[in-house]
Every structure is written in structure tokens, then in C-alpha cells.
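Presented below is the structure to which this report refers.
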Amino acid sequence: MEKLIIYQVFPRIFGNREKARHKNGSIAENGAGKFSSFTPEVLSEIRKNGFTHIWYTGIIEHAMQTDYSAYGIAKDHNAVVKGKAGSPYAIKDYYDADPDLADCVPERMKEFEALIRRTHEAGMKVIIDFVPNHVARQYHSDAKPVTVQDLGEQDNVFKNFDPNNNFYYLPGTLVLHFGAEQEDFEYSEFPARATGNDCFSPFPGRNDWYETVKLNYGIDYMHGRKCHFDPPPSTWFKMLDILLFWAEKGVDGFRCDMAEMVPVEFWNWAIQRVKTERDVCFIAEVYNPALYREYIREGHFDYLYDKVGLYDTLRDVICGRKWADKITQCWQAVEDIRPHMLAFLENHDEQRIASSFFAGYAQAGFPGMFVAATLGVNPVMVYSGQELGESGMDDEGFSGCDGRTTIFDYWSLECLQNWLNGGRLDGSLLSGEQKSLYRSYTQLLRLAGSEPAIRQGAFFDLMYANVHNPFFNRQYIYAFLRKYRADVVLAVANFERTAATVRIHIPPEAFTALGFTDNSAAVLTDLFAGKQTVGTLTAACPFEISVPPHSGRLLRFRYDGIECDCSEPEIVRARHDERPYLSSNFM
């Protein structure tokens, strides 16, 4: 069984070698990374770091202020573009690739297809964004197949809602929007259309997704959200064609932006049809826990963001706002769907760990990443630069200094430039702290993907057994067991700034539930250090372990002759709070 380990990269920034970083700079001033930045050598190094998938963010052509009209791409009005580079989530042409990323603009699609091939040759799969809820204000596909009708082409613009309209209209109203420097006229739109964040007004504000328009999937928001799904609306067929278009190019998966704003009935209809033709995975950006099971079981999504739950809790533990023992509640809340939850600590929407808005320095986040990567069989994701301690504290322009790496501006990151080092990838330009963090991430992710007990083993939470243990500080320590066949792995995370020596009670239930013998001799391997000795786990006395500050330890106990297949372990109840501490969700 493969555990997905995903590397999210923003190609416009990842491979940008330009040293200039002018606030609100143009592509001519600040440069941009290219498809070709991902050379076979770079991809091989990413694969060596343990990654199985690369999520290339911002591949599909989106609105921007850069003028590519010489190549047959209509120029966007600056007033409805956020930042010089534009948002990759304001799609301008679903059937085209971002011209910023091409060395030769007319060959941009061929260059992306070549990147897909290189990624596959490096042993990884390709994920791209699918943005189904909204498009750029000036959406127009000049690259669509001749048999495809463009979005809105057949709409009745005199009706605010029609099941076969692709957009929502506000008849008789005009959007006269903002104006912009270096434009001869203000942006206008008649009739006005609803804005992407469900703003049914001709006057979207600065905090709205004003650069986008909402797509119509058959829900009449004007009249009590009445649904018109039979027959399937026009938008359903057009979105299915787009998914198949990219899948046929060799894309292996789609991260679906704001999936919960699109009806689950569409996902049920579309995902099954795509999977019938292509072996692709679907990842949903869903933030409402009440919808999780619906989007998995009815929507047929493979994975969902574990944002409102694991991410939020780990962030609070890292920042000292919650105790580490609260992590138990995270996996319990999604126990029945745990293999479907995508764990992460950074992505393009979230603030960088090392920013002053989060932890303030990168190493503080490592125990959180340790837990995210080793807690279950579910996927885990790293955002490019996270493994190098990128702080996200630049004031790039539209984005501002907000602790995030901009998705709206032309920019570059010094840490990535130093790591790439002109393609040499020798690490010589990285600081000592960056090298240490990079090695820690590499070790962790390799183990998460290769160690059977972590990749596919059973899980046993040890926190309940140490509630009254004076030598186990539940504020900073989180400990659990993973088990597969003859291997038992003890995982201990330390969120404290200082080293901790911990004595961990292993309860009798752990041996019964996981199926291994109390106080039996085992070959003990420190998986990070690679050192071997002989050791044992027993309920008779605590196991003592020292854990460095802001770090974690993985100890594997290999019991010769034990071949227990824990495919269906019984869920045992904790003595104190009657909540399960043993997960049955593993493969």
C-alpha cells in the first residue's frame, strides 16, 4: 500500500532565479519560474525526499495583468485582477496553460505535457488544481476544442437563474468596478453577474472575490436554493469535459478548490464518470466538518483537507494555545474516515510556520509535522519552502506582509534559490539551520512512506494511559504506537523548547489490541539515528525515552516470529473516558 506524500509547488515562484524582488514588480522586473525549472535532476531530488506526488499549483491559465495579446490571449482589465501576476484561482481559460510558465509561449501546453512526462519518469504522480466554483470576470477560452461551447455562450442573460445558464445574472444592473492605473476606462459588466463567493450584488466589495464570477450548477439561490439537477445542468457537462481534458494529458489527480461550494450531487455524477475512464484521485478543499462524510461517501472524493481539526489543533499546540493531548480528539472526530483526511501544516492559503504570525521559527513546527506524517495511513503534504524554513514575511505587493508566500505577485524565494543553486542541488548555499531542517524533513518523509508500520499499520493512542503520569507532560508530549506484523513503532513528539525525558506507561490493552507479547525481547531500532540494540515494551514498568526539543523519536521494536495481521482489530474502550484509543482505520 502506498501512503501519498504530496509536495505542493507554485511553479511561478519555485524555479524563479531572478534576485530582484520589487514590490508590485512586473514579470520583466521580478521574473517567473518555468515548467522547465523542473529538470530531471530537480524532480529526482524531490522524489528522493520521499514524495510520491507533486501538486503543481497554478497550471491552468488565469487572469493576469501581463499582456500576452501578441500571442492571441486577450488582455485582462487590471481592475478585475488581483496583483500583477493574478490569482491562479481566477481561471481565464480552462483549456490552456499559464503563459507565464512557458519558455516559448506558443508551446506552453507542450511544455506542460513534457513536465508531466518528466514527473512520471522521476517516479511521481501529477496533481493540478481544478477550480469549479468560479472563473475570472473576463473568462474566455481561446484554446477550447472546436466542439466545445464556451461558458456563458448560450446563456439567457435576461434571467437571473436558469438551470442551463452557466452564470447567475442580475438583469438590468451594471458592474462599474474600481478602475485601475494605466487603463483608459473603468471595467464595466452588463448585466452584472454574481461574484464567486456567493455575492449576489452588482457591487462586490474589496473583501469579496470581486475578480471572479460564480458558476451555476443548478441551484436557484434567488428562490430558497431550490435544486434543478434532473436533467443535469449544462455546467455539469462542461466541467466534466474539462476534467477529462486534463486527465487525458496524463494528470493523475485534481485538488478541487472550494469543493464544498459546488453541490455534492455534481461530484457524485462527475467523479464516477472520470474514474471510469481514467485512474485519477480527487482531493477536496472542504472546511465544514459536517460535510466530510457526505463528500466522501456521496461525492466520491478520495481525500479531504484535514484543516478544521488536525491543522488547527497542531497549530494551537505549536503556539502554546492548546495542550498536546488535544490531538487525540482530532483523530477520534474523524475515526470512521481517517484514511481519507489529508494532513498538512502549510499550503498556499495558510501562514508559514516560521512567520511571526505563526510560530516565529521553523523548527517549532517540526513536532507537528512529525505527528501529521506518522499518525495514520492518510496522505500528508508539504508546501515548497516549508522544509527550508521559509518565513513568508516578504511584502510582495498585493499580498502584503501577511506570513504567506504570495499567489498574486511575481516573486522569488531566496531559500529555494539557494537550494536549487543553479541546478547543482548541493545545499552549499543553505544555512546550517536550513540544512538541519531539510535533513529532518527528508528523514521523516522517507520513513513515513517506507516504514510498513507507519505506512499501513494499526494505531494505538497512549495518551489516556498517561493522564496521571508525573513523568509524562501532556502539555508538550504526544505518544502513540503503530503496529504492522512483527513491527511495533513507538512514536513520541515533543512540542517543548527544551529536551524531555519521558517515562511512558504502555497499558495491557495495547498488547491485547495490537497482538504482541508483553515483555518479549525485540530488536530495537532508532529509525532516525539508525542505531540498533535489544529492547522491550511491558506494562510492568514505563518505557523511558529522551526526546530533543521541538522534535520526535521513532523507535521500532521487531518481534521475530510474530506475524499478526491486524486487519480487523477490535476497538477497545478507554477506562477513563470511554473513548476509543485504538484506530481500526489502516490498510
Side-chain angles (χ1 to χ4, degrees), residues 35 56 58-64 66-77 80 86 88-117 126 128-157 162-169 189 193 212-218 231-254 256-257 262 266 269-278 280:
F35 294 128
Y56 293 108
I59 294 300
I60 300 177
E61 182 186 307
H62 58 271
M64 62 185 70
T66 302
D67 187 355
Y68 284 103
S69 56
Y71 300 96
I73 301 172
K75 185 179 184 309
D76 298 290
H77 195 289
V80 285
Y89 298 101
I91 299 297
K92 180 179 176 180
D93 187 346
Y94 278 119
Y95 290 96
D96 210 348
D98 181 3
D100 278 347
L101 305 179
D103 292 307
C104 177
V105 173
E107 301 295 316
R108 56 194 178 276
M109 187 60 80
K110 290 183 179 179
E111 291 187 25
F112 177 59
E113 291 167 349
L115 174 58
I116 294 175
R117 290 193 296 272
V126 172
I128 67 169
D129 290 284
F130 175 55
V131 187
N133 176 67
H134 50 269
V135 295
R137 282 274 170 197
Q138 295 180 296
Y139 181 92
H140 171 72
S141 176
D142 50 48
K144 62 183 176 58
V146 293
T147 57
V148 171
Q149 287 187 340
D150 214 358
L151 288 169
E153 191 174 320
Q154 300 294 317
D155 281 8
N156 181 347
V157 301
D162 186 283
N164 285 312
N165 276 358
N166 299 134
F167 301 115
Y168 295 95
Y169 294 90
E189 180 180 293
R193 292 171 293 173
T212 69
V213 286
K214 174 86 172 176
L215 285 171
N216 172 11
Y217 283 84
S234 165
T235 302
W236 289 27
F237 290 97
K238 290 181 178 179
M239 293 296 106
L240 176 61
D241 286 343
I242 291 160
L243 286 166
L244 290 171
F245 172 82
W246 290 101
E248 287 166 3
K249 290 189 176 298
V251 167
D252 303 291
F254 297 96
C256 300
D257 185 69
V262 173
F266 164 76
W269 180 87
I271 290 178
Q272 291 184 91
R273 283 164 170 78
V274 175
K275 285 180 176 283
T276 297
E277 298 196 26
R278 297 284 173 176
V280 295

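Bear in mind the structure is a predicted one, so any value in this text is a computation, not a measurement.
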To the nearest 0.5 Å, atom CG of Asp129 lies from atom OH of Tyr89 at 3.5 Å
To the nearest 0.5 Å, atom OG1 of Thr212 lies from atom CD1 of Ile91 at 11.0 Å
When every non-hydrogen atom of Ser69 is compared with those of Asp67, the smallest separation belongs to OG-OD1, 2.7 Å
Apply the test side-chain contact (heavy atoms from CB on, under 4.5 Å) to residues Trp246 and Val280: give CA-CA distance (whole Å), side-chain angles for both, the deciding distance (0.1 Å), then the verdict.
CA-CA 11 Å; Trp246 290 101; Val280 295; over 6 Å; no
Correct closest heavy-atom pair for Ile73 and Glu61 would be CG2-OE2, 3.6 Å
- request: Side-chain contact test, heavy atoms from C-beta onward, threshold under 4.5 Å: evaluate it for Tyr71 versus Pro99 and give yes or no.
  value: no
query: Are any non-hydrogen side-chain atoms of Pro233 and Phe266 less than 4.5 angstrom apart?
result: no
Heavy-atom nearest pair, Ala247 first then Arg278, reads CB-CG, 3.8 Å
Exercise for review: Verify, without hydrogens or angle tests, whether Asp93 (side chain) and Ala143 (backbone) share a donor-acceptor contact under 3.5 angstrom.
Suggested key: yes
Between the side chain of Glu111 and the main-chain N/O of Cys104, is any donor-acceptor distance below 3.5 Å?
yes
Tightest non-hydrogen contact, residues Phe130 and Pro132, listed as O-CD, 3.2 Å
Between the side chains of Ser234 and Asn166, is a donor N or O closer than 3.5 angstrom to an acceptor N or O? yes
To the nearest 0.5 Å, atom CD1 of Ile60 lies from atom CD1 of Ile128 at 4.5 Å
For the backbone of Asn165 and the side chain of Asn216, can you confirm whether one donor and one acceptor N or O come within less than 3.5 Å of each other? yes
message = A side-chain contact here means heavy atoms from C-beta on lying under 4.5 Å apart; do Met64 and Lys92 qualify?
response = no
- Query: Within the distance-only criterion (no hydrogens, no angle test), does the side chain of Arg108 pair as donor or acceptor with the backbone N or O of Val105 below 3.5 angstrom?
  - Reply: yes
Using a 4.5 Å cut-off on heavy atoms from C-beta on, say whether the side chain of Leu244 contacts that of Val274.
yes
In this structure, NZ of Lys249 is separated from CG of Leu115 (nearest 0.5 Å) by 13.0 Å
Answer yes or no: is there an ion pair linking Lys144 with Asp150, defined by an N-O contact shorter than 4.0 Å? no
Task: side-chain contact (heavy atoms from CB on, under 4.5 Å) evaluation trace for Glu113 with Met109 - done: CA-CA 6 Å; Glu113 291 167 349; Met109 187 60 80; 3.7 Å; yes
Subject >> Within-4.5 Å side-chain heavy-atom neighbours: Ser141 and Val148 >> reply: no
Note: Asp155 and Asn164 closest approach over all heavy atoms is OD1-O, 3.9 Å
dist Lys238:NZ -> Gln149:CD (nearest 0.5 Å) comes out at 5.5 Å
Donor-acceptor under 3.5 Å (Glu189 side chain, Arg193 main chain): yes
* State, yes or no, whether a side-chain contact exists between Ile59 and Leu101 at a heavy-atom distance under 4.5 Å. => yes
query = Does atom NZ of Lys110 have more than 12 heavy-atom neighbours, drawn from other residues, nucleotides or ligands, at distances under 6.0 Å?
reply = no
Spell out, as yes or no, whether a donor-acceptor pair under 3.5 Å connects the side chain of Asp257 to the backbone of Asn133. no
The reported gap from OH in Tyr56 to CG in Asp98 (rounded to nearest 0.5 angstrom) is 14.5 Å
Do Leu240 and Trp269 come close enough that some side-chain heavy atom pair is under 4.5 Å? yes
Exercise. Examine the side chains of Tyr68 and Asp100 and answer whether a donor and an acceptor come within less than 3.5 Å of each other.
Key: yes
Nearest heavy-atom approach of Pro88 to Gly58 is CB-CA, 3.6 Å
- request: Would you indicate whether the side-chain heavy atoms of Leu151 and Leu215 approach each other to under 4.5 Å?
  value: yes
From the list Tyr94, Phe167, Tyr95, ring-ring contact (aromatic ring centres under 6.0 Å, His included) with Tyr139 holds only for Tyr94
